[in-house]
A.B. asks: 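Here you go, one structure.
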Amino acid sequence: MLWEYSPSPEATDHVRIASRYNLFIGGKFVEPHSKKWFETINPATEATLAEMAEADAEDVDRAVREARRAYEKVWKKFAPSERAKYIFRIARLIQEKSRALAVVETMNGGKPIKESRDIDIPLAAAHFFYYAGWADKLEYAFPNRNVSSIGVAGQIIPWNFPLLMAAWKIAPALAAGNTVVLKPAETTPLTSMMLAEIMMEADLPPGVVNIITGAGATGAALVSHEDVDKIAFTGSTEVGKKIQRALSGTDTKLTLELGGKAPNIVFEDAPIDQAVEGIINGIYFNQGHVCCAGSRLFVQESIIEPVIRKLRERISTLRVGNPLDKNTDVGAINSRAQLEKIQELVDSGVEEGAEMFQSSCSLPAKGFWFAPTFFTGVSQSNRIAQEEIFGPVLSVLTFRTPEEAIEKANNTPYGLSAGVWTEKGSRILKMAQKLRAGVIWANTYNKFDPASPFGGYKESGFGREGGLHGLAPYVKLS
Ligand code: NAI
Ligand code: MG
């Protein structure tokens with residue numbers, strides 16, 4: 001039975017969102033050369049929140065030139081301990097403003113406030129703290145090597161963790177002595193603009209971080225700018241491949257963090273209630289807008305019946321609705337386009353003969369919503385078992401032996417993450433060796449720490465973010 005809670009919405013009156021944002025270039029907000037702006041909305045209400053500047057190739061060039069100037073004249077020349085000071089300051093300012101940042105993240109992206117408040121914003125601050133600590137210790141990060149910076153980094157990020165992805169990208173770049181041009185996703189630019197304000201408040205020298213808004217064309221102009229030394233991209237495999245093609249034959253360094261179709265594997269000896277909670281956390285919280293979401297569940301045949309029963313009960317108790325409500329588990333889908341993509345894939349699952357179970361929760365009339373859903377009777381060749389859905393939709397499959405689980409789990413073009421649930425330590429180690437995934441969680445799911453590297457195999461991309469590994473793409477070693 002679902003206990004009804006009274007509504008408990010987070011207040012928004014302490015948050016100031018401007019009606020229009022310009023581009024953050026050279027330490028100040030400047031009007032776009034394009035003279036074009038686009039609207040950014042709240043996906044839970046479809047209300048317009050602000051107008052954002054649309055950077056054209058000329059604006060991109062201006063941002064890259066500022067980043068180059070700041071790199072050569074200022075940032076590169078600073079003592080590493082001086083750079084650390086600014087990065088620590090940014091981390092502290094994120095903490096100070098965490099409440100407003102969480103509210104804006106939720107309003108612009110649709111994710112539940114408990115996610116942005118407890119995960120996104122604290123982890124963003126933690127990444128700046130972590131990399132600030134490395135800034136003056138690079139010779140210990142890469143012992144017996146000469147470490148130098150690369151230059152100007154162009155960074156393109158998606159909409160699922162807007163501020164956290166900005167932190168993942170900016171913090172190691174700055175710590176290693178590079179300057180940055182960052183382009184947030186077109187549907188979630190607002191916390192990046194708040195981050196620009198934080199950069200100003202931290203007195204970061206002008207041009208060290210530039211933040212430009214716009215859609216795919218702006219990103220493509222940044223990728224093809226000849227004075228960018230490194231591109232870091234997180235987003236769809238489709239765009240990642242385009243970027244890889246655009247940069248082939250150039251000496252621009254590249255890291256890509258792309259999609260996933262992560263297996264979550266539950267053995268018969270696993271503690272079932274904890275496993276079900278981990279499955280729920282892995283796919284439904286954050287609307288499944290997570291590249292490492294546990295979107296394929298593999299259950300050992302002997303326990304399929306109780307797992308499905310508990311899963312059905314549990315998703316029926318998930319609270320779907322107002323993302324600003326502190327009790328909400330599942331918020332709004334980030335955009336109409338994403339909602340249509342989820343619906344199309346779910347329709348294909350039904351057509352291909354899988355059996356669908358959907359939570360009967362009521363969905364708000366306005367905004368973009370999708371009820372938590374899972375499929376049983378899925379075969380490996382079904383689109384819902386192969387393609388990234390990026391929504392609150394789980395495909396359930398079964399296995400008999402560990403070997404069969406490994407073979408099925410590895411049978412996708414992706415390899416970002418995986419989960420293993422079992423009492424047996426030796427089995428965890430064996431599975432971890434055989435699963436082709438960059439991150440493997442054992443008896444837990446979706447846990448992050450700035451000291452731990454993250455990244456994928458195969459079509460999930462290359463390069464690592466987080467930890468010491470996350471510094472490597474931003475340094476030259478000799
Ligand atoms: P996308 O890959 O188009 O967008 C990600 C970023 O790339 C955005 O900032 C976008 O403006 C930029 N971009 C788009 N086209 C570009 C181009 N040609 N050159 C340079 N930058 C470009 O992702 P989208 O369309 O928002 O989502 C599509 C699918 O991608 C989702 O349904 C999901 O399956 C997957 N996705 C995966 C993410 C991940 O974390 N790995 C994040 C977001 C989406
Ligand atoms: Mg796209």
Side-chain angles (χ1 to χ4, degrees), residues 38 40 43 52 54-57 60 108-111 120 154-162 164-166 168-169 181-192 211-225 228 231-247 252 254-262 283 286-293 295 333-346 368 370 383-384 386-393 412-417 438-439 446 448 454-463 465:
F38 61 96
T40 190
M52 312 304 303
E54 185 184 318
D56 64 12
V60 170
N108 201 192
K111 66 173 60 194
D120 294 61
Q155 308 182 316
I156 300 168
I157 57 172
W159 41 262
N160 53 342
F161 290 86
L164 183 57
M165 289 301 109
W168 276 30
K169 297 270 182 290
V181 178
L182 176 89
K183 193 202 83 64
E186 55 272 36
T187 55
T188 52
L190 286 179
T191 48
S192 283
I211 303 181
I212 55 173
T213 44
T218 308
L222 182 57
V223 167
S224 60
H225 194 292
V228 171
I231 291 288
F233 172 79
T234 299
S236 63
T237 301
E238 180 200 347
V239 173
K241 285 180 176 169
K242 273 193 209 167
I243 291 176
Q244 202 172 4
R245 276 198 298 275
L247 292 181
T252 310
L254 176 63
T255 42
L256 297 174
E257 202 265 273
L258 309 174
K261 192 72 188 171
I283 185 70
N286 230 341
Q287 306 77 244
H289 291 347
V290 186
C291 48
C292 49
S295 54
I333 301 302
N334 181 260
S335 65
R336 186 181 298 282
Q338 189 59 32
L339 179 58
E340 284 166 1
K341 181 186 164 188
I342 297 167
Q343 188 62 59
E344 196 266 324
L345 274 157
V346 164
F368 316 128
F370 203 87
R383 286 182 64 202
I384 52 169
Q386 289 291 331
E387 295 177 36
E388 186 176 49
I389 301 177
F390 230 64
V393 182
T412 69
Y414 295 112
L416 191 54
S417 56
V439 180
N446 272 349
F448 289 92
F454 183 85
Y457 282 78
K458 300 190 282 187
E459 290 198 10
S460 293
F462 47 80
E465 295 183 288

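Every number for a ligand or one of its atoms is a count from 1 in the order of the listing. Below, each value reflects all heavy atoms present in this structure, side chains not excepted, and no hydrogens, waters or symmetry copies.
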A.B. asks: Is the shortest side-chain heavy-atom distance between Asn160 and Asn286 below 4.5 Å?
C.D. replies: no

A.B. asks: For residues His289 and Asn334, report the shortest heavy-atom separation together with the two atoms involved.
C.D. replies: NE2-N, 3.1 Å

A.B. asks: I'd like a table of the close N/O pairs between ligand 1 and the protein (anything under 3.5 Å), one pair per line with both atom names and the distance.
C.D. replies:
from, atom 1, to, atom 2, distance (Å)
ligand 1, 2 (O), Ser236, N, 2.8
ligand 1, 2 (O), Ser236, OG, 2.6
ligand 1, 9 (O), Ile157, O, 2.9
ligand 1, 9 (O), Lys183, NZ, 3.0
ligand 1, 11 (O), Lys183, NZ, 2.9
ligand 1, 11 (O), Glu186, OE1, 2.7
ligand 1, 19 (N), Ala220, N, 3.4
ligand 1, 26 (O), Trp159, NE1, 2.6
ligand 1, 32 (O), Gln338, OE1, 2.8
ligand 1, 32 (O), Gln338, NE2, 3.1
ligand 1, 32 (O), Lys341, NZ, 2.7
ligand 1, 34 (O), Lys341, NZ, 2.7
ligand 1, 34 (O), Glu388, OE1, 2.7
ligand 1, 40 (O), Asn160, ND2, 3.4
ligand 1, 41 (N), Gly235, O, 3.3
ligand 1, 41 (N), Leu258, O, 2.8

A.B. asks: Between Lys261 and Glu459, does any side-chain N to carboxylate O distance fall below 4.0 Å?
C.D. replies: no

A.B. asks: Using every non-hydrogen atom in the two residues, find where Gly391 and Ile283 come nearest and quote the distance to one decimal.
C.D. replies: O-CD1, 3.8 Å

A.B. asks: Could you tell me whether Lys111 sits above the aromatic face of Phe161, with NZ or CZ closer than 6.0 angstrom to the six-membered ring centre and within 45 degrees of the axis?
C.D. replies: yes

A.B. asks: Is the backbone N or O of Gly259 less than 3.5 Å from a side-chain atom of Ser460, with the two atoms forming a donor-acceptor pair by type?
C.D. replies: yes

